[in-house]
There are 2 protein chains.
Amino acid sequence: MTVSSGTHDAWAAALRAHGRRVTKQRLAVLAAVEHHPHSPAEAILAAARQELPDLTAQSVYVVLGDLTDLHMLRRFEPPHSPALYETRVGDNHHHAVCISCGRVEDVECAVGHAPCLTPHWGADAKPMTIQIADVLYQGICQDCQRTQQLPSDRN
Amino acid sequence: MTVSSGTHDAWAAALRAHGRRVTKQRLAVLAAVEHHPHSPAEAILAAARQELPDLTAQSVYVVLGDLTDLHMLRRFEPPHSPALYETRVGDNHHHAVCISCGRVEDVECAVGHAPCLTPHWGADAKPMTIQIADVLYQGICQDCQRTQQLPSDRN
DNA sequence: GCACTTATTATGACTGCCTCACAATAAGGC
DNA sequence: GCCTTATTGTGAGGCAGTCATAATAAGTGC
């Protein structure tokens, strides 16, 4: 499997390959994201602090931003949610979020390996060179469907 | 019908149909969004103030949120951008954003009227009942491609 | 047309998520 | 080991949006 490399050594190699230094903070962040996919910065900070108690929130933001730019992490931002991160990069899978509880599930690409990468441009639109297509499904997860409370307003 | 109703009277009727009162503020916000599609709340406020100088930002937020809940407006949130609004609702068109300059273009649905509404769930994923699928294309627009500056980091 | 009810708007304070500027630390090349 | 400079820590700050409450005005019935 798995597109995400997953091991300490692989991450160290990837960091070096991108000209980054291999620090315990960066490895801790990568491990935290690996173990808590679809987590916001705050949760990643909390997880990474279990092994690195002095890690600061700002460092996590810097690291997450940098690793995202390097495509070692993937970031996506569901509506009404802080940005979420995951180590699964390179494939183009998508995400489904429950509009009731916010749960996130991975969704395999429905159209092959480059889904919908050829958009149908409107008459007056100026086409762009598309690089990625993020598909965000929104629905109701099974749990929330059972307990029909719909706890308010996650639009 | 053009999904976006577009006229003062149509909006008034729609507001009443949803049990909302027809105020000049709400009509001004609707007109502003109609004339400035893909605009953030701040720009909508500025536009609406041209005819309603005393309109406040908070009212715009309230109105935009309410009209979005009623599906009279559609909201979407590109990465690193405040929420954008448009009057085109009901169809499921998508959006392409230029990662360099932030320009937004409409994209017709590529797969019919309910694109990718049948996601391929991963082995360990718990399927959800999908209601909508937003597709967000990211690429480089023609203008930015010419001027290869890539003014930094709009990831 | 006029009062009255209550949705809607205005006012002001406030929060969450994240960025910026700069000083302190430590990774990697010599 | 030493040195350079990326990386991290520290603290302040900002944008986008929310919350609580008071003032206003749309729609209703008379």
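In the text below, chain A, chain B and the rest are named by the order of the sequence lines, each starting its count at 1.
- In this structure, A/R16 and A/H18 have side chains that are not in contact, with every pair of non-hydrogen atoms separated by 4.5 Å or more.
- For the pair B/R16 and B/E42, nearest-nucleotide mapping onto DNA chain D gives the more 5' position to B/E42.
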Nucleotide N/O to protein N/O under 3.5 Å, stretch nucleotides 11-14 of chain C:
none

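- With a 4.5 Å cut-off on side-chain heavy atoms, A/V63 and A/L73 do not count as touching.
- When each of C/dA10, D/dG17, D/dT7 is scored by its nearest atom to the side-chain atoms of B/A41, the top-ranked nucleotide is D/dG17.
- In this structure, OH of A/Y61 is placed 16 Å from P of D/dT10, rounded to the nearest angstrom.
- Note: CG (A/D66) to P (D/dG9) measures 15 Å, nearest angstrom.
- For the segment residues 22-31 of chain B, residues with any heavy atom less than 4.0 angstrom from an atom of DNA chain C are, sorted by number, B/T23, B/Q25, B/R26.
- Whole-Å rounding puts the B/H80 NE2 to C/dC20 P distance at 11 Å.
- Note that the CD atom of A/Q138 and the NE2 atom of A/H95 stand 13.5 Å from one another [nearest 0.5 Å].
- In this structure, the CZ atom of A/R21 is 16 Å from the P atom of C/dT25, given to the nearest Å.
- The two residues A/A57 and A/R49 have their closest heavy-atom pair at N-NH2, 4.4 Å.
- For A/P82, whose side chain is taken as the heavy atoms from C-beta onward, the closest listed nucleotide among C/dT8, D/dT5, C/dC18 is C/dC18.
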Practice item. Show the numbers, then the answer: is there a side chain to side chain contact (heavy atoms under 4.5 Å, CB included) between A/L15 and A/L67? Key: CA-CA 9 Å; A/L15 285 170; A/L67 297 183; 3.7 Å; yes
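- Contact of the A/H93 side chain with the A/R88 side chain is registered, since non-hydrogen atoms from C-beta on lie closer than 4.5 Å.
- We find that CD1 of B/I44 is positioned 13 Å from C1' of D/dA16, with the value rounded to whole Å.
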Can you give the donor-acceptor pairs under 3.5 Å from side chains of residues 35-45 of chain A to other protein atoms, not counting sequence neighbours?
from, atom 1, to, atom 2, distance (Å)
A/H35, ND1, A/A31, O, 2.8
A/H38, NE2, A/E86, OE1, 3.1
A/H38, NE2, A/D106, OD1, 2.8
A/S39, OG, A/H36, O, 2.6

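- Using a 4.0 Å heavy-atom distance criterion, A/A57 is classed as making no nucleic acid contact.
- Protein atom CG of B/L45 is 12 Å distant from nucleotide atom C1' of C/dA10, rounded to whole Å.
- With rounding to the nearest 0.5 angstrom, the CG atom of A/D54 is 9.5 Å from the CD atom of A/Q25.
- As rounded to whole Å, 16 Å separates atom P of D/dT24 from atom CG of B/L52.
- Using a distance-only test at 3.5 Å, with no hydrogens or angles considered, no donor-acceptor pair links the side chain of B/S59 to the main chain of B/L55.
- Between B/Y85 atom OH and D/dA16 atom C1' the separation is 10 Å, expressed in whole Å.
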